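Some notes on the structure that comes next.
Order of listing sets the numbers, starting from 1, for every ligand and every atom in it. Keep in mind that what you see is a predicted model, and the values were worked out from it rather than measured.
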Amino acid sequence: MEKHVERFISKNSESQLIGIIIAIFTVTITLVLYVLWRRRTSIGHCILLTGLCNAGKTLIYARLIHTKYVQTHTSVKENISDLEYNHSIKIVDIPGHERLRYKFFDKYKKFAKGLVFVIDSVTIQKDVRDTAEFLYTLLSDLMIRKSVPILILCNKQDHTLAKNSTVIKAVLEKEMNLLRVTKTNQLDNTDASSSNVYLGITGKDFSFSHLDRKIKFAECSAGTPTDLEQFKSWLINLD
Ligand SMILES: Nc1nc2c(ncn2[C@@H]2O[C@H](COP(=O)(O)OP(=O)(O)O)[C@@H](O)[C@H]2O)c(=O)[nH]1
Ligand SMILES: *[C@@H]1O[C@H](CO)[C@@H](O)[C@H](O)[C@H]1NC(C)=O
Ligand SMILES: *[C@@H]1O[C@H](CO)[C@@H](O)[C@H](O)[C@H]1NC(C)=O
Ligand SMILES: *[C@@H]1O[C@H](CO)[C@@H](O)[C@H](O)[C@H]1NC(C)=O
Ligand SMILES: [Mg+2]
């Protein structure tokens, strides 16, 4: 009789102990997951530098980050680093090669705090088709459609043949208009391109002001003499 009771008590405390262990385990796992989640969302402070090859992304990137930066990268990988004056913001230099640009864009777009589209203001007229196509794809991407501010940065303003941002905006709008017609026709013919989004207002010429999102144009020169003032003030006013 007494033995029975003893066994009952010890069995009871044993299951109680197991219960406590399970509770502690659960709390620990939850805490670890929470910390990991926080860290993951904290890298949602990325400024993505995109644009065609040779636009000046890497030079702008190098001008913005801390000089202590020593890591080496091959040109087929993205560069990522803290901003010099704000270490909670990361800046990502995305390779412009056609085969790589979307791969890295897709990797980083969910962490985007802002998107910078760098343009070579000297060669824009020659490269307008390629530039507009890339920009159109970025703008129609669902992840960055509404909330992420976009800066179109007209680089190489120090060059005598550089076009200013007013001219570049007009040139791009004209090309985006043509591109939209092509894309819409494609959309009618093949249902495969259903990911295409109509940008702007139907029946009106394409205008950046018709997109209900924050798009700004700015000028800069990352070469000599360096002038990144407009870019920096956009960065500071991001929130
Ligand atoms: N004159 C001038 N040249 C620039 C400027 N920015 C970049 N470059 C030059 O353009 C070339 C391409 O720059 P890079 O940063 O490698 O372009 P990326 O391919 O977009 O990374 C380099 O030779 C730079 O020195 C600028 O503002 N002015
Ligand atoms: C990364 O930066 C280094 C120097 O800062 C540069 O040589 C390299 O081309 C960059 N990589 C990309 C993908 O832009
Ligand atoms: C750095 O950026 C974070 C996130 O945007 C912001 O909360 C913070 O105020 C910034 N700090 C400075 C010094 O600009
Ligand atoms: C931009 O360039 C065009 C043509 O070169 C000129 O007419 C216009 O005044 C310039 N705009 C600004 C804001 O400098
Ligand atoms: Mg580069």
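Put simply, Ile24 and Ile22 are part of two different groups of oily side chains (I, L, V, M, F, W, Y) that touch within less than 4.5 Å, one to the next.
Of the options Ala62, Ala162, Gly223, Pro225, the smallest heavy-atom separation from atom 26 (C) of ligand 1 is shown by Gly223. Ranked by closest heavy atom to atom 14 (P) of ligand 1, the top entry among Gly56, Ala222, Cys53 is Gly56.
Figure legend: cation-pi geometry between Arg180 and Tyr136 absent, as NZ or CZ is not positioned both under 6.0 Å from the six-membered ring centre and within 45° of its axis.
The nearest heavy-atom contact from the protein to atom 6 (C) of ligand 4 is Asn164 ND2, 4.2 Å. Protein heavy atom nearest atom 13 (C) of ligand 4, with residue, atom name and distance: Thr166 OG1, 3.7 Å. Counting protein heavy atoms only, atom 4 (C) of ligand 4 is closest to Val167 CG2, 4.0 Å.
Between Gln157 and ligand 1, a contact under 3.5 Å exists for no N or O pair. Below 3.5 Å of separation, one finds no N or O of His159 facing any N or O of ligand 1.
Within the structure, ligand 1 has Ala55 among the residues with a heavy atom less than 4.0 angstrom away.
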Step-by-step salt bridge (charged side-chain N to carboxylate O under 4.0 Å, His left out) determination, Asp106 to Lys109: CA-CA 5 Å; Asp106 284 343; Lys109 64 184 180 187; 3.2 Å; yes
Leu151 vs Phe117, side-chain contact (heavy atoms from CB on, under 4.5 Å): CA-CA, chis, key distance, verdict: CA-CA 6 Å; Leu151 182 72; Phe117 190 83; over 6 Å; no
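When side chains are defined from C-beta on, Gln230 does not count as touching Leu153, because their heavy atoms never get closer than 4.5 Å. Counting only heavy atoms from C-beta outward, the side chains of Asp82 and Ile65 never approach each other to under 4.5 Å. A 4.5 Å side-chain heavy-atom check between Phe104 and Thr50 finds every atom pair outside the cut-off.
In this structure, Asp93 does not pair ionically with Lys57, as no charged nitrogen and carboxylate oxygen lie closer than 4.0 Å.
For ligand 1, the atoms closer than 4.0 angstrom to any heavy atom of Ser221 are 27 (O). Proximity to Leu52 (heavy-atom distance under 4.0 Å) selects the following atoms of ligand 1: 20 (O).
Between the side chains of Asp127 and Thr123, at least one donor N or O lies within less than 3.5 Å of an accepting N or O.
Proximity of Asp158 to ligand 1, defined as any heavy-atom pair under 4.0 Å, is confined to the side chain (atoms from C-beta onward).
For atom 9 (O) of ligand 4, the nearest protein heavy atom lies 4.0 Å away or farther.
At a threshold of 2.8 Å, the Mg ion (ligand 5) has no backbone or side-chain N, O or S atom of Tyr61 nearer than that distance.
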